[in-house]
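Chain identifiers are assigned alphabetically (A, B, ...) following the order of the sequence lines, protein sequences preceding nucleic acid strands; residue numbering begins at 1 within each chain.
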Amino acid sequence: MELRWGLMADSFGLLLKGAILTLELTAVAVAMGIVIGLFMSLMRLSNVKILRGIAIAYIDFFRGTPLLVQIYMVYFAIPQLLQFQTPNNYQFIAGILALGLNSGAYVAEIFRAGIQSIDRGQTEAARSLGMTQAQAMRHVILPQAVKRVIPPLGNEFIALLKDSSLVSIIALQDLMYTGKLIVSRTLQPFVIYFEVALFYLAMTLILSRLVNYSERRLGVSDKR
Amino acid sequence: MISVKNLHKNFGKLEVLRGIDCHIKEKEVVVIIGPSGSGKSTFLRCLNKLEDINAGEIIIDGIPLNSETNVNAIRREVGMVFQRFNLFPHKTALQNITLAPEVVRKTSKAEAEKIAMELLKKVGLEDKAHEYPDRLSGGQQQRVAIARALAMRPKIMLFDEPTSALDPEMVGEVLGVMKDLAREGMTMVVVTHEMGFAREVGDRVIFMDEGKIMEEGTPEQLFNNPQNPRTQAFLSKVL
């Protein structure tokens with residue numbers, strides 16, 4: 001069968017809609033990942049054994065099992081376990097939940113590395129001035145750590161944007177799912193998947209430029 | 001002011017401090033000298049519990065140094081200056097000084113800045129208030145670090161080799177600030193290799209080696225007429 005390149009223009013609108021859903025999904029999951037990651041990294045570094053244990057178990061589980069399995073767990077297994085009737089938009093909730101929980105584990109390790117990269121002398125100076133551990137963390141360590149984690153955090157978000165294509169498996173109408181749908185109707189896999197790939201590429205390129213820009217902006221007071 | 005009894009400290013199996021007894025009076029300037037690895041920095045760091053101690057007792061200004069609440073109370077009263085300055089790189093000189101008064105003492109921003117400017121003037125750096133640490137020389141950074149410690153209005157100041165990381169031409173400006181402090185009656189404990197400073201400013205000099213106080217006395221006694229052979233050997237190398 002010949003390649004019908006004209007389909008690229010015809011499917012642009014539909015794929016754009018899918019791409020917007022992909023972006024929304026990733027943005028919410030990223031926000032969730034940052035909140036979870038911050039708490040998990042602080043727990044991971046805590047002196048309290050139980051908190052540390054919970055954080056280690058969480059991080060190990062979500063980094064050590066496939067995202068696809070996690071999506072299935074949230075979408076199919078959790079409703080069975082908790083015996084609840086899934087609402088109509090449960091695909092969307094399950095997709096965000098799975099991506100956010102997964103991302104939280106990776107972000108936790110990024111934050112932990114960032115916090116640990118700050119010189120011990122900084123904590124000692126803050127503590128010697130009478131600050132509590134929490135005050136030192138909030139006013140001295142975290143502001144410096146945030147700058148250092150921006151590049152790896154950016155990479156994590158780009159990875160998450162790409163991994164979000166896995167949610168197409170639970171019929172969530174993201175960019176990938178929309179592409180599959182169009183292919184099944186037109187039988188033009190090359191043209192359509194090529195266009196889908198271009199969409200993902202455009203999004204990741206924009207995202208990586210944004211990361212570079214914010215990295216430069218935040219580097220003002222820290223030129224070393 | 002500071003009372004230390006039978007202080008022991010180990011790093012794993014290594015005994016760093018092996019029974020230190022020491023009393024420091026108000027307004028006294030005590031200079032601790034000794035070879036590297038003698039435990040002098042560790043001793044200083046024990047005084048505001050940057051190191052946990054294994055045995056013994058430390059009482060500062062009547063407060064025993066044990067529980068976490070005591071530690072924070074004591075750290076507010078005890079200022080510390082580090083060999084490597086440890087200024088906060090994301091804050092200007094002024095913000096470095098105002099942070100702890102605002103966060104710990106809940107001083108208003110305006111009041112904290114007023115105090116900070118006075119202190120910067122005292123260390124001769126009021127024109128550098130809005131510079132970030134990486135724009136300052138080592139000597140300037142250390143003077144800001146001293147001002148930062150003073151902003152908490154400490155009763156005692158601890159100096160951990162404050163001039164060891166400085167280029168030679170900057171040592172003088174930092175020692176100058178420390179001399180002013182001593183003259184104003186600050187209680188000070190100084191670990192240093194600057195024998196000239198010890199001789200000129202110290203009320204008492206302590207010689208430490210192998211985790212113990214080997215000898216102590218006035219600068220004249222210790223530098224001119226050391227009794228302990230180890231002190232004699234050390235001084236013959238550094239003087």
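Here the two rings, on A/Phe111 and A/Phe39, have centers that are 6.0 Å apart or farther.
Of the two parts of B/Leu87, only the backbone, made up of N, CA, C and O, holds a non-hydrogen atom closer than 4.5 Å to a non-hydrogen atom of chain A. Heavy atoms of B/Phe88 lying under 4.5 Å from chain A belong to its backbone as well as its side chain. Proximity to chain B (any heavy atom under 4.5 Å) is restricted, for A/Arg120, to the side chain, taken from C-beta onward.
Taking the side chain as every heavy atom from C-beta outward, B/Arg75 and B/Met80 never approach each other to under 4.5 Å.
Judged by distance alone, the side chain of A/Gln83 and the main-chain N or O of A/Gln80 form a donor-acceptor pair under 3.5 Å. A donor-acceptor contact shorter than 3.5 Å is absent between the side chain of A/Glu109 and the backbone of A/Ala105.
The environment of A/Lys17 atom NZ is sparse: at most 12 non-hydrogen atoms of other residues, nucleotides or ligands sit within 6.0 angstrom. Other residues, nucleotides and ligands place no more than 12 heavy atoms under 6.0 Å from the CZ atom of A/Arg138.
Of all the listed residues (B/Asn72, B/Asn86, B/Ile74, B/Val81), the one sharing the greatest number of non-hydrogen pairs under 4.5 Å with chain A is B/Asn86.
In this model, a donor atom of one side chain and an acceptor atom of the other lie less than 3.5 Å apart for A/Gln70 and A/Thr65.
The aromatic rings of A/Tyr72 and A/Phe76 sit perpendicular, their planes meeting at an angle over 60°, well past the 30° parallel limit.
Residues of residues 38-49 of chain B that come closer than 4.5 Å to chain A, counting heavy atoms only, are B/Arg45, B/Asn48, ordered by residue number. Within residues 99-113 of chain B, the residues approaching chain A closer than 4.5 Å by heavy atoms are, in numerical order, B/Leu99, B/Ala100, B/Val103, B/Val104, B/Lys106.
With respect to B/Lys121 and B/Glu118, no salt bridge is recorded, no charged nitrogen being found less than 4.0 Å from a carboxylate O. Using a 4.0 Å cut-off between charged nitrogen and carboxylate oxygen, B/Asp203 and B/Lys25 do not count as a salt-bridge pair.
Of the candidates A/Tyr75, A/Tyr177, A/Phe92, A/Phe92 is the only one forming a side chain to side chain contact (heavy atoms under 4.5 Å, CB included) with A/Leu172.
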